[in-house]
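Bear in mind that the values here come from a model prediction, so they are computed numbers and not experimental data. Here, residue 1 is the first one in the sequence, and each next residue gets the next number. All values below come from the heavy atoms of this structure, side chains included, with hydrogens, waters and symmetry mates left out.
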Amino acid sequence: LKFFRGPLPRCYFRAMACGRGWNAAFEADMDAVLERATSKLPGVVVLAKRGDHVYHKAFGFADVKAKKPMEVDTPFRMYSMTKVMTSTIALVLRSRYGEPSPDDEVSKFIPSFGRDWHIVEEATHADEAVEVRSLITGRTEQVSFSRRKAVGPMLVKHLMSECSGIGYEVSSDLDVLLGNALGTKRSFAISNALRQQICPTLYTSGCILGHDLTVAEFCDAIATAGVLSTEPGTISYGLGATVLGRIVEVVYEKHCGYKPLRNIFKELLFEPLGMSTACFFDKGLAGRLPTLYGLTRPQHADPYVVNAEDSIPPHEPPYSNQSDHFCGPMKYDSGDTGSVMTVADYSKFLECLLGGGSGPNGETVLPVEVVDELLRCRFNGLNFNTAHGTNNGMSNDGACFSTGWVTQEPGPGTPKQNYWSGYANTHFRLYVDDGSYIILGVQCMDHSGTGFVNKALREPCIQTFLQN
């Protein structure tokens, strides 16, 4: 792989997908891990595959209060596990029509982005101030801030690699909770507060998809505010894939006629791969989606599980993450956080990558060069060597975010892998050299700052998968 020049042939991917399975202890070991995890967390579905061996089981509850059990066909809010699919579709459009190129300026597709941008951050004796409210603590305060002009333009590759400068406001809230360990200087919260002065109902982490805006209107509101949390090209995990989704709409309309992003996903990914449960919005999801939970932490104990809206103080606009996918405006097609599906349907996307872009009947769904770029791409000129990057396990010469997920090359005791998570702690790992993967379906947000879900569920599942 390291020395191969050009796209890998389909026969290579098919050969890798025929690796051996796991040992006889795997199923019992994984059962034990998940029984322990669901003694502390509400419910989980795990789908793991290696060679011809498949593990697909549900544990715990989809609704704790109603004692409704989790089922293997339960759909999940995938949130940021949507990002890699948005990058996939952008790369498919480039393979067909020559655009968007990763090095294109965003303003080529979204004219409102053709402006001067300013990076804002907390500064004690600055002339400007804005009211900032913490999602986690509920405290509101006036925060003084400075602004400086961004040096370079925002590029498409910045959106794909979450280096756009359009970060989630909750990162600054977590930074304060962790004693400024992320080094954000409140920039994520300040920039979002300034955007909300332009549009009060704009994104918050308590109202992720409930805005009464289209993605085009959303992007124009971001551009009108003109503020960023970092220089474009520096890790600033957040809404880059939302803007990328708008570019997908623009390019698709230019060459094929207008469709909203949800229908482009359906045409280019969901239907060709047989992902029958995958969607962005559907009134029929009421009663089918699991209850969305959150973790709250007393002073001297482990976090405990409550309904997500009860894990944070009262919220304005009203907390809507429980129901955004099946009621409310249902018009904000987010390439960042929008998708819902079962873990079995998400596995069909991973299977397509392992198959070199082939669909369930052997037909070509993704060009092999798109698969190759998704699995191996590392964009030049990006900066992950920040406290925010390090906290997410990234560095300039190690694991890095690109094409909507983390790409990590093999190291001592660590296989090559591509992975990412969603806000409610869904997670997947794809081990392409081994032809294997594991997907975790769970719906529990963690604002405790303790990494509790990671310790109780994700780490022991991945360790068990790799050891066996």
Side-chain angles (χ1 to χ4, degrees), residues 78-87 106 110 113 117-121 132 134-136 150 154-176 182-196 198-199 202-211 213 215 218-223 225-247 321 332-339 379 382-384 386-394 400-406 420-424 445 447:
M78 291 298 177
Y79 287 129
S80 289
M81 283 169 58
T82 309
K83 293 177 190 284
V84 66
M85 294 185 176
T86 307
S87 284
V106 173
I110 306 176
F113 273 59
W117 292 84
H118 291 86
I119 292 91
V120 293
E121 59 184 39
V132 171
S134 169
L135 176 85
I136 295 175
M154 192 185 303
L155 307 178
V156 171
K157 68 181 179 183
H158 297 154
L159 307 177
M160 290 180 164
S161 58
E162 289 300 341
C163 293
S164 67
I166 310 171
Y168 294 139
E169 93 288 7
V170 74
S171 294
S172 286
D173 297 349
L174 286 168
D175 194 12
V176 172
L182 306 184
T184 68
K185 297 183 180 179
R186 308 285 289 278
S187 59
F188 292 68
I190 293 166
S191 56
N192 203 63
L194 292 169
R195 292 181 202 119
Q196 288 180 317
I198 305 297
C199 181
L202 202 69
Y203 179 96
T204 75
S205 294
C207 181
I208 293 173
L209 299 169
H211 337 294
L213 297 171
V215 70
F218 182 89
C219 289
D220 285 343
I222 290 174
V227 291
L228 303 172
S229 52
T230 66
E231 181 73 33
T234 296
I235 183 66
S236 47
Y237 188 72
L239 295 159
T242 294
V243 181
L244 182 63
R246 175 57 186 155
I247 290 176
N321 293 338
Y332 170 62
D333 286 12
S334 172
D336 175 49
T337 53
S339 70
F379 293 121
L382 304 182
N383 179 21
F384 297 97
T386 67
H388 186 53
T390 301
N391 185 70
N392 282 286
M394 304 176 205
C400 69
F401 204 93
S402 58
T403 61
W405 58 4
V406 168
W420 202 235
S421 307
Y423 192 11
M445 295 175 165
H447 296 127

Open item on the list: Working to the nearest 0.5 angstrom, can you tell me the gap between Thr337 OG1 and Met81 CE?
Closed with: 13.5 Å
Open item on the list: Would Phe401 and Met160 count as a side chain to side chain contact (heavy atoms under 4.5 Å, CB included) here? Give the steps.
Closed with: CA-CA 8 Å; Phe401 204 93; Met160 290 180 164; over 6 Å; no
- [ ] Begin with the C-alpha distance, continue with both residues' side-chain angles, and end with the deciding distance and a verdict on side chain to side chain contact (heavy atoms under 4.5 Å, CB included) for Lys185 and Ile190.
- [x] CA-CA 9 Å; Lys185 297 183 180 179; Ile190 293 166; over 6 Å; no
Open item on the list: Any non-hydrogen side-chain atom of Val170 less than 4.5 Å from a side-chain atom of Ile136?
Closed with: yes
Open item on the list: To the nearest 0.5 Å, what is the distance between CE on Met85 and CE on Met78?
Closed with: 7.5 Å
Task: Ile235 CD1 to Thr390 OG1 distance, which is reported to the nearest 0.5 Å - done: 10.5 Å
Task: Heavy-atom pair with the smallest gap, counting every atom of Leu228 and Met154 - done: CD2-CE, 3.9 Å
TODO: Find out whether Phe113 and Cys219 are in side-chain contact, i.e. whether some heavy atom of one side chain is under 4.5 Å from a heavy atom of the other.
DONE: yes
Task: Any side-chain heavy-atom pair of His388 and Ser171 under 4.5 Å - done: yes
Open item on the list: Any side-chain to backbone donor/acceptor pair from Asn192 onto Thr204? Under 3.5 Å, distance only.
Closed with: no
Task: Donor on one side chain, acceptor on other, Ser80 and Tyr237, under 3.5 Å - done: yes
Task: Candidate list Thr86, Val156, Leu159, test side-chain contact (heavy atoms from CB on, under 4.5 Å), partner Val243, passing option - done: Leu159
- [ ] Looking only at non-hydrogen atoms, find the nearest pair between Gly183 and Ala387 and report the distance.
- [x] N-CB, 4.1 Å
TODO: Could you tell me which non-hydrogen atom of Gly165 sits nearest to which non-hydrogen atom of Ser236, and how far apart they are?
DONE: N-OG, 2.7 Å
TODO: Verify whether the ring centers belonging to His211 and Phe218 lie closer than 6.0 Å.
DONE: yes
Open item on the list: Any heavy-atom pair between the side chains of Tyr423 and Ser205 that's under 4.5 Å?
Closed with: yes
Open item on the list: Could you check whether any side-chain N or O of Ser334 sits under 3.5 Å from a backbone N or O of Thr242, counting only pairs where one atom can act as donor and the other as acceptor?
Closed with: no
Open item on the list: I need the Glu121 CD to Ser191 OG distance, nearest 0.5 Å.
Closed with: 11.0 Å
TODO: State, yes or no, whether a side-chain contact exists between Leu382 and His158 at a heavy-atom distance under 4.5 Å.
DONE: yes
Task: Flag for Ser229-Ser187: side-chain donor and acceptor within less than 3.5 Å - done: no
Task: Side-chain donor/acceptor of Asp336 to backbone N/O of Lys83, under 3.5 Å - done: no
Open item on the list: Holding to ring pair (Phe, Tyr, Trp, His ring centres under 6.0 Å), I want the full list of residues that pass it with Tyr79, two or more places apart in sequence or in another chain.
Closed with: none
- [ ] Compare every heavy atom of Ser87 with every heavy atom of Leu244, then report the nearest pair and how far apart it is.
- [x] CD2-OG, 3.7 Å
Open item on the list: Closer than 3.5 angstrom, by distance alone: can the side chain of Asp173 be matched with the main-chain N or O of Ser134 as a donor-acceptor pair?
Closed with: no
Open item on the list: Quick check: do Ile247 and Val106 have side-chain heavy atoms less than 4.5 Å from each other?
Closed with: yes
Open item on the list: Apply side chain to side chain contact (heavy atoms under 4.5 Å, CB included) to residues Phe379 and Thr403 and explain how you reach the verdict.
Closed with: CA-CA 9 Å; Phe379 293 121; Thr403 61; 4.1 Å; yes
Open item on the list: Go through it in stages, so that I can follow the logic: the residues are Arg186 and Val176, the test is side chain to side chain contact (heavy atoms under 4.5 Å, CB included), and I'd like the CA-CA distance, side-chain angles, deciding distance and then a yes or no.
Closed with: CA-CA 8 Å; Arg186 308 285 289 278; Val176 172; 3.7 Å; yes
- [ ] Working to the nearest 0.5 Å, report the span between CD1 of Ile222 and CG of Leu202.
- [x] 6.0 Å
Open item on the list: Tell me if a side-chain donor or acceptor on Ser161 pairs with a main-chain N or O of Ser402 at a distance below 3.5 Å.
Closed with: no
Open item on the list: Whether the side chain of Arg195 engages the backbone of Val227 through a donor-acceptor N/O pair (distance < 3.5 Å, no angle test) should be reported.
Closed with: yes
TODO: Could you tell me the separation between the OG atom of Ser164 and the CD atom of Glu231, rounded to the nearest 0.5 Å?
DONE: 11.5 Å
- [ ] Would you confirm whether the ring centroid of Phe188 sits within less than 6.0 angstrom of the ring centroid of Tyr168?
- [x] no
- [ ] For Asp175, enumerate each residue passing the side chain to side chain contact (heavy atoms under 4.5 Å, CB included) test, keeping only those at least two apart in sequence or located in another chain.
- [x] Asn180, Leu182, Thr184
